[in-house]
Protein chains: 2
Amino acid sequence: MDIEQHKIPQATAKRLPLYYRFINNLHSQGKQRVSSKELSEAVKVDSATIRRDFSYFGALGKKGYGYNVEYLLSFFRKTLDQDEITKVALIGVGNLGTAFLHYNFMKNNNTKIEYAFDTNAEKIGTEIGGVPVKHIDDLEDIVKGDITAAILTVPSSAAQGITDRLVKSGVSGILNFTPARITVPDHIRVHHIDLSIELQALVYFLKHYPLEENTEQEE
Amino acid sequence: MDIEQHKIPQATAKRLPLYYRFINNLHSQGKQRVSSKELSEAVKVDSATIRRDFSYFGALGKKGYGYNVEYLLSFFRKTLDQDEITKVALIGVGNLGTAFLHYNFMKNNNTKIEYAFDTNAEKIGTEIGGVPVKHIDDLEDIVKGDITAAILTVPSSAAQGITDRLVKSGVSGILNFTPARITVPDHIRVHHIDLSIELQALVYFLKHYPLEENTEQEE
DNA sequence: GGATGATTGTGAAAAACTTAACGACTATCT
DNA sequence: AGATAGTCGTTAAGTTTTTCACAATCATCC
């Protein structure tokens with residue numbers, strides 16, 4: 001129960017799940033050891049950054065050797081609380097919501113979507129990707145106390161209303177895929193992922209931040 | 001043709017599409033003027049950051065007044081190249097891909113998905129969200145020279161192979177939704193959006209970075 | 001068992017980004 | 001017209017994040 005190791009930078013924290021997945025891959029492939037350089041090429045993060053990130057957790061590697069995959073894996077499993085499952089609800093079973101439900105989440109993951117909610121009568125009562133679809137009128141009853149986080153994939157007009165209900169039901173984090181910037185009390189964490197903005201941003205970068213043409217061939 | 005105004009920080013560039021959308025909203029609502037404080041509450045970005053961001057483009061506002069919505073809108077339209085449409089292809093018409101196709105992209109947007117590609121015979125020849133679905137075997141012929149960016153929503157096992165074909169076909173940017181970290185030549189820009197990692201990161205933050213409970217009620 | 005090459009962990013520097021603070025200016029009210 | 005409240009643009013400070021560079025250490029080979 002080590003509270004107060006808050007010294008891990010947020011930028012590092014965001015990369016941890018990425019590292020975890022690739023270490024898992026390596027382990028499945030039977031790889032015994034890995035260097036920060038190899039890892040860097042796989043996850044596209046500078047090797048010095050990787051070493052720095054790892055170092056916040058102590059000395060995980062050995063000089064002149066690299067990192068032991070087995071050890072790294074068990075360490076990350078512990079750190080990312082892979083044993084303890086976080087329960088999640090998904091609101092809005094449209095195309096995007098359905099995509100989430102079909103993701104094979106439990107693999108390499110500490111989260112489980114327990115319930116999905118929608119208003120469409122055809123979907124209610126069915127299971128999608130193994131997740132039961134409930135009517136949104138039952139949101140409060142089902143979520144109350146039991147669910148930690150919510151994935152919001154509803155039309156943006158419904159976003160704030162549903163959000164308020166989620167907050168009242170005791171959810172502490174929301175992954176918001178709607179274009180609406182929802183308002184929540186200070187103790188609720190919201191991460192926004194806005195698909196349309198991501199595409200626009202990519203296009204802006206293409207036009208205004210041209211990348212170097214590199215004549216060097218990678219080895 | 002102002003090349004070399006590269007002085008806009010990347011963090012700012014990423015926020016521009018967000019600003020643009022909200023300014024658009026305000027304009028539709030018939031609002032005449034807006035302050036950085038109001039905008040801040042709407043987009044959830046600190047007001048000083050907004051003023052700083054805007055200032056990279058010169059003096060867009062007036063002291064003691066705020067910003068003229070009309071002017072701001074026309075400025076951003078120009079800056080974000082909203083008049084010139086960027087052609088995009090989407091590869092992989094699964095649930096996530098379909099979600100993208102149904103997005104009403106042309107509204108407030110300078111991008112258009114011209115073609116979608118898949119292998120599923122039932123989908124080929126149809127239109128989804130107004131976008132024709134083609135067989136992936138025809139990728140090179142259709143894309144060649146005509147398409148600037150691609151949205152990658154295929155299974156991760158296919159990601160690198162498709163990527164290589166896209167690069168050969170002259171695409172310069174890829175929005176990668178697969179968990180695979182694809183490898184491309186230096187002059188190709190890739191933005192990764194990894195849904196599973198986003199959820200894991202949210203959960204990690206919930207556990208390790210509890211937010212302040214604020215007794216103050218917002219006005 | 002010593003020499004060689006590889007690799008970590010980290011101090012220090014640099015770069016990138018955010019926030020505070022305030023002078024200068026504007027609009028509006030009385 | 002003067003006072004008041006509001007707001008920008010920006011300087012400077014603060015914070016966070018990345019990167020460099022190298023001593024310390026380890027594995028391996030002859």
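Per chain, numbering begins at 1; letters A, B, ... match sequence-line order.
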**Study point:** Pair B/Asn95, A/His102: side-chain N/O donor-acceptor within cut-off below 3.5 Å
**Key:** yes
Residue set satisfying salt bridge (charged side-chain N to carboxylate O under 4.0 Å, His left out) with B/Asp146, at least two apart, ordered chain then number -> B/Lys87
Can you measure [X] atom [atom1] to [N] atom [atom2] for me and round it to whole angstrom units?
X       : N     : atom1 : atom2 : value
A/Asn68 : C/dT8 : CG    : C1'   : 14 Å
A/Tyr65 : C/dT7 : OH    : P     : 11 Å
A/Lys62 : C/dT7 : NZ    : C1'   : 12 Å

>> Using a strict threshold of under 4.0 Å (side-chain N to carboxylate O), is an ion pair present between A/Asp194 and B/Arg21?
In response: yes
Using a strict cut-off of less than 4.0 Å between a Lys/Arg side-chain nitrogen and an Asp/Glu carboxylate oxygen, indicate whether A/Glu140 and A/Lys168 qualify as a salt bridge. no
Just distance, no hydrogens or angles: give the donor-acceptor pairs under 3.5 Å from side chains in residues 12-19 of chain A, sequence neighbours left out.
{"unit_1": "A/Thr12", "atom_1": "OG1", "unit_2": "A/Asp53", "atom_2": "OD1", "d": "2.6"}
{"unit_1": "A/Arg15", "atom_1": "NE", "unit_2": "A/Tyr19", "atom_2": "OH", "d": "3.4"}
{"unit_1": "A/Arg15", "atom_1": "NE", "unit_2": "A/Asp53", "atom_2": "OD2", "d": "2.7"}
{"unit_1": "A/Arg15", "atom_1": "NH2", "unit_2": "A/Asp53", "atom_2": "OD1", "d": "3.1"}
{"unit_1": "A/Arg15", "atom_1": "NH2", "unit_2": "A/Asp53", "atom_2": "OD2", "d": "3.2"}
{"unit_1": "A/Tyr19", "atom_1": "OH", "unit_2": "A/Asp53", "atom_2": "OD2", "d": "2.6"}

| task | Quick one: label B/Tyr67 by what it contacts on the DNA or RNA (base, sugar-phosphate, nothing), any heavy atom closer than 4.0 Å. | result | sugar-phosphate
If each end axis of the helix from C/dG1-D/dC30 to C/dT30-D/dA1 is fitted on five C1' pair positions, the angle between them, to 10 degrees, is 10°
Backbone of B/Thr183 reached by a side-chain donor or acceptor of B/Gln160 within 3.5 Å = yes
Here the side chain to side chain donor-acceptor pair (under 3.5 Å) pairs for residues 59-77 of chain A, sequence neighbours left out, are A/His27-A/Glu70
Between B/Phe75 and the options B/Phe57, B/Phe54, B/Tyr20, the ring-ring contact (aromatic ring centres under 6.0 Å, His included) test singles out B/Phe57
Chain A vs DNA chain D, heavy-atom contacts under 4.0 Å, first-to-last nucleotide span, 5' to 3', is D/dT17 to D/dA27
How about B/Lys37: does its NZ atom have over 12 heavy atoms from other parts shown lying under 6.0 Å from it?
no
Note: A/Gly92 and A/Thr153 closest approach over all heavy atoms is O-OG1, 2.7 Å
Counting primed atoms, P, OP1 and OP2 as sugar-phosphate and everything else as base, the B/S/- map of nucleotides 12-25 of chain C against protein heavy atoms under 4.0 Å is B----SSB-B-BBB
